[in-house]
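One structure is given below, encoded as structure tokens.
What you see below is based on every heavy atom in this structure, not just the backbone, and it leaves out hydrogens, waters and symmetry mates. In what follows, chains are A, B, ... by sequence order, proteins preceding strands, each numbered from 1. The shown structure was predicted, so the numbers you read here are calculated from the model rather than taken from an experiment.
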Protein chains: 2
Amino acid sequence: MTPAPGSPGDVLTLIGAGSATTRSDLARLTGLARSTISQRVDALIECGLVEETENGESTGGRPPRQLRLHTDGHAFAGVDLGATHCRVVLMDMSGGVLAECEDPLLVAEGPEVVLGHVDERLDRLLAETGRPRAALRAIGMGVPGPVEFATGRPNNPPIMPGWNDYPIPEHFAGCAVLVDNDVNVMALGEQRNAFPGARHLLFVKIGTGIGCGIVAEGRLHRGAQGSAGDIGHIRVSGHEDAGCRCGNSACLEAVAGGAAVARRLTELGTPAETGADVVALVQAGNTQALRLVREAGRLVGEVLAGLVNFFNPEVIVIGGALSRVHEHLLAGIKETVYRRSLPLATHHLSIVPSRTGVNAAALGAGILAIEHYLSPDNVNRLVTA
Amino acid sequence: MTPAPGSPGDVLTLIGAGSATTRSDLARLTGLARSTISQRVDALIECGLVEETENGESTGGRPPRQLRLHTDGHAFAGVDLGATHCRVVLMDMSGGVLAECEDPLLVAEGPEVVLGHVDERLDRLLAETGRPRAALRAIGMGVPGPVEFATGRPNNPPIMPGWNDYPIPEHFAGCAVLVDNDVNVMALGEQRNAFPGARHLLFVKIGTGIGCGIVAEGRLHRGAQGSAGDIGHIRVSGHEDAGCRCGNSACLEAVAGGAAVARRLTELGTPAETGADVVALVQAGNTQALRLVREAGRLVGEVLAGLVNFFNPEVIVIGGALSRVHEHLLAGIKETVYRRSLPLATHHLSIVPSRTGVNAAALGAGILAIEHYLSPDNVNRLVTA
DNA sequence: GACCTTTGTTCGCTCATCGGCGAAACCGGG
DNA sequence: CCCGGTTTCGCCGATGAGCGAACAAAGGTC
């Protein structure tokens with residue numbers, strides 16, 4: 001069942017979201033009596049979730065005591081596992097970054113090695129910030145492949161050999177662990193940080209591959225098998241010759257992904273191997289690279305145009321390695337989307353570059369963890385315990 | 001705020017969904033005391049929402065009194081407005097059809113004429129079934145164009161001249177009116193009637209135009225501007241010569257819609273004007289028509305393949321005029337989807353013809369009305385009043 | 001300094017909910 | 001046919017959560 005209205009969890013949600021900073025605000029918003037609110041707040045302070053700061057501004061009467069999340073004593077981790085790197089961010093309850101680190105690490109080394117590394121890094125970051133391991137409440141993790149979110153088990157991930165069906169949460173005993181696809185957590189992070197008002201948002205990651213995180217009604221849409229957002233293998237017209245690693249041809253990823261652009265550039269006489277090489281060439285002013293990036297944008301835009309008609313988002317965020325040269329990429333994308341999508345859907349549509357940058361996935365994963373811990377259900381459990 | 005757990009609304013939801021048929025069931029499911037449940041049930045009986053039938057089967061002790069929705073005394077209407085027809089269905093609270101009617105009616109005649117017609121038909125159906133007008137609790141309506149759902153106003157509908165921004169609900173005073181796109185209500189009806197277990201479902205309507213209703217997490221996804229699901233103008237590869245009424249070319253609708261197939265058939269020497277003509281030709285065994293329908297299926301399948309990767313539904317339902325020859329249409333669709341979509345997404349995917357047929361939109365609209373009336377919030381309001 | 005405004009707490013009161021008890025209803029065994 | 005076992009359901013006293021009034025605290029205003 002849904003939690004009761006005005007429960008401690010709801011009260012905390014209002015404080016955490018910044019909708020209410022005083023007891024009076026809470027009474028007004030929830031409709032509960034001031035005395036009841038005081039009880040709730042006392043309970044939340046009791047168990048360390050809320051703290052009182054000094055008096056706020058008077059509006060003519062007694063100045064209200066300000067309330068906010070009690071960030072000390074709780075820590076959350078966001079983990080970004082990429083094909084070749086591991087980024088760990090330690091966050092407080094309000095989403096602020098306490099410490100972070102990144103290391104090269106091959107996800108292909110398998111779960112024991114990689115999760116051991118994460119564990120060690122977590123300990124180090126906790127020590128750096130002077131917190132005991134017990135302060136760590138929840139871990140969010142983004143991984144480069146499909147995951148069954150409910151159980152935290154990767155589902156036949158193509159670039160994570162040895163991880164299939166591995167129960168990641170069991171590796172971190174005594175701590176809630178939420179595992180999701182990396183693009184999903186990036187979408188979540190971007191929506192919560194940069195576009196809290198947007199209920200429907202797409203996050204498109206253009207790196208070696210191309211993926212999409214979907215926020216619908218303010219929540220992540222994962223689909224029936226958790227594979228939603230896999231747009232890298234949607235067909236684009238006029239490129240039947242481009243073979244893809246998935247076995248089909250004319251996949252978006254095979255013509256507009258970082259690796260594909262690099263390969264074409266090589267064919268044209270400018271050696272490049274990865275998306276990063278392409279970015280470097282564009283930044284150095286190579287016009288051929290620039291032209292190809294813009295063309296890649298058009299191809300991505302062709303697919304997005306269809307998805308805009310289908311999904312009708314308010315915001316599309318473009319991220320990933322290639323987005324470092326987003327002026328040119330975005331130009332191609334916008335050109336095609338605004339030409340090929342319906343006016344009603346594009347009229348209020350924003351297409352923007354990612355604002356969270358390299359930390360996007362780790363931050364989003366941390367937010368996943370924090371929101372889980374601060375969900376009304378969980379808070380009610382904590383308070384009554 | 002969310003309604004309290006175990007509120008009258010929740011209790012009614014459990015009874016309505018068939019999850020609980022006795023007081024004991026309710027106590028077990030809600031966790032409330034048996035005495036509390038009795039109070040709730042009494043209140044619901046008091047205001048005519050629930051009725052007690054005679055004793056059920058004993059399981060060794062006293063046989064429980066069965067509970068079910070009290071369908072008498074409440075009526076709901078589902079209205080399906082098409083470009084050239086108007087279908088009205090009168091339903092009881094459990095979704096059963098009490099009476100129905102259909103008339104040819106041009107939506108282009110404008111809101112006053114059309115809604116006046118609807119009003120008159122409603123009165124007639126109510127009289128037929130011996131119910132007073134006051135028994136009508138809510139009206140659901142599906143219209144052939146985009147609608148702002150919250151206000152029930154059409155939003156620049158291309159084939160509904162005179163309806164732009166017209167406040168449809170105001171025409172039916174004293175009765176809740178919910179207006180949505182016709183494809184959305186068809187999707188809802190199909191999901192609730194035929195696939196209650198499917199949380200993510202697409203309903204694709206292939207008629208003159210092509211549209212798609214989206215059910216995500218069991219609820220309709222309407223998108224930011226209420227234009228989600230407009231897949232008729234997604235580009236398909238290799239048909240740059242096909243101009244579309246929207247001004248672009250190579251739109252799905254312009255190559256695979258009923259009108260487009262008919263036009264091609266005409267070009268090939270077999271005169272046809274509408275999708276219905278095409279259906280008739282296929283049913284008569286015309287192999288050219290059959291081939292074109294199958295080809296249309298492939299084109300729809302190409303678009304759906306991308307949407308399957310993006311959205312990852314459990315079920316895709318194919319409806320609309322052309323689906324009367326669904327064997328051939330589905331063959332083309334499945335062929336392409338299973339070839340072009342990712343295995344993870346297609347493994348548990350069903351692609352099936354519509355089961356509700358010609359009544360789909362009206363039934364779905366009625367369900368929209370019933371679910372609104374039986375929503376926990378509304379029921380709590382009714383009970384306390 | 002008197003008075004007003006706003007905030008926060010204390011303290012009875014009320015009412016919803018709980019849980020136990022007994023009645024009702026049905027089954028099966030002696 | 002009677003009687004204990006079992007399950008359902010209404011009644012009723014006990015309980016506790018939430019409410020609102022009254023009061024205390026803290027600041028502004030004239």
Euclidean distance, atom CG of residue Leu32(B) to atom P of dG19(C) [Å, nearest integer]
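Result: 10 Å.
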Asp10(B) CG to dT17(C) C1': how many Å, rounded?
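My rounded result for the distance is 16 Å.
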Please report, to 0.1 Å, the donor-acceptor pairs under 3.5 Å made by any side chain of residues 191-201 of chain A, with sequence neighbours excluded.
{"residue": "Gln191(A)", "atom": "NE2", "partner": "Phe195(A)", "partner atom": "O", "Å": "3.4"}
{"residue": "Gln191(A)", "atom": "NE2", "partner": "Ala198(A)", "partner atom": "O", "Å": "2.8"}
{"residue": "Arg192(A)", "atom": "NE", "partner": "Glu371(A)", "partner atom": "OE1", "Å": "3.4"}
{"residue": "Arg192(A)", "atom": "NE", "partner": "Glu371(A)", "partner atom": "OE2", "Å": "2.5"}
{"residue": "Arg192(A)", "atom": "NH1", "partner": "Gly218(A)", "partner atom": "O", "Å": "3.1"}
{"residue": "Arg192(A)", "atom": "NH2", "partner": "Gly218(A)", "partner atom": "O", "Å": "3.2"}
{"residue": "Arg192(A)", "atom": "NH2", "partner": "Glu371(A)", "partner atom": "OE1", "Å": "3.1"}
{"residue": "Asn193(A)", "atom": "ND2", "partner": "Gly189(A)", "partner atom": "O", "Å": "3.3"}
{"residue": "Arg199(A)", "atom": "NH2", "partner": "Glu217(A)", "partner atom": "OE1", "Å": "2.1"}
{"residue": "His200(A)", "atom": "ND1", "partner": "Glu217(A)", "partner atom": "N", "Å": "3.3"}

Got a second to check how far Arg131(A)'s CZ is from Leu126(A)'s CG, nearest 0.5 Å?
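Atom-to-atom, Arg131(A):CZ and Leu126(A):CG are 8.5 Å apart.
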The side chain of Ala33(A) is closest to which nucleotide in this list: dG19(C), dG20(D), dG18(D)?
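The answer is dG20(D), which lies nearest to the side chain.
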Does Phe149(B) have any ring-ring contact (aromatic ring centres under 6.0 Å, His included) partners at least two apart in sequence or in another chain, and if so, which?
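Phe149(B) satisfies ring-ring contact (aromatic ring centres under 6.0 Å, His included) with no residue once adjacent residues are dropped.
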Would you mind building the protein contact string for nucleotides 4-14 of chain C? One character per nucleotide, 5' to 3', B for base within reach (heavy atoms under 4.0 Å), S for sugar-phosphate only, - for untouched.
-BBBBBB----
Can you tell me which residue among Arg40(B), Arg28(B), Arg65(B) is in a side-chain contact (heavy atoms from CB on, under 4.5 Å) with Arg23(B)?
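Only one of Arg40(B), Arg28(B), Arg65(B) forms a side-chain contact (heavy atoms from CB on, under 4.5 Å) with Arg23(B), namely Arg65(B).
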For His74(B) and His70(B), take the angle between the two ring planes, folded into 0 to 90°, and tell me which bin it lands in: parallel under 30, tilted 30 to 60, perpendicular over 60.
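His74(B) vs His70(B) ring planes: perpendicular.
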